[in-house]
Amino acid sequence: MFAEIVKGAEAEGKEKHVPYLEAGGRKSGGSRVKIVVGKEVGHPNTREHHIAWVELYGEKKDGQVIALGRAEFAPGYSGPNARFHLDITQFRAFHALAYCNVHGLWQNRIEVK
Ligand SMILES: [Fe+2]
């Protein structure tokens, strides 16, 4: 199963891979979702070892899953920090995936009130 290769907070070691998610902004729309890998403990960012990309998925109130965006990073140059602009009121939860070229796939989710 695909889910078996995706790790979460329970698998975290000393390097931090779980994508931190934050949703915010105005209730009337124009809001955003932020994804950061290594918010507290930075992840290495070299050619040999880096976060290559992050993806954002939204879970709508009726359960439909929407692929909302993807950001790719240039190792040694751009870090794993991305912002997606959307109306968060249409969703009940957001899910993020992050890919480390050494340590694989990592996930996280947040619920939106
Ligand atoms: Fe890593």
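Read the numbers this way: they start at 1 and go in the same order the structure lists the ligands and their atoms. All figures in this text were calculated on a predicted structure; none of them were measured in a lab.
- Remark: at the Fe ion (ligand 1), atom SG from Cys100 and atom NE2 from His43 enclose 100°, rounded to the nearest 10 degrees.
- No donor-acceptor distance shorter than 3.5 angstrom exists from the side chain of Asn108 to the backbone of Ala96, with no hydrogens or angles considered.
- Judged by distance alone, with hydrogens and angles left aside, the side-chain atoms of Asn45 form a donor-acceptor pair with the main-chain N or O of Gly76 at under 3.5 Å.
- Remark: side-chain polar atoms of Glu12 are paired, donor with acceptor, to backbone N or O of His17 under 3.5 angstrom.
- When the Fe ion (ligand 1) is compared with the N/O/S atoms of His103, atom ND1 turns out nearest.
- Scored by the side-chain contact (heavy atoms from CB on, under 4.5 Å) test, Val102 finds His49, Cys100 as partners (sequence neighbours excluded).
- Here His17 contributes NE2 and His49 contributes NE2, and at the Fe ion (ligand 1) these two atoms make an angle of 160°, given to 10°.
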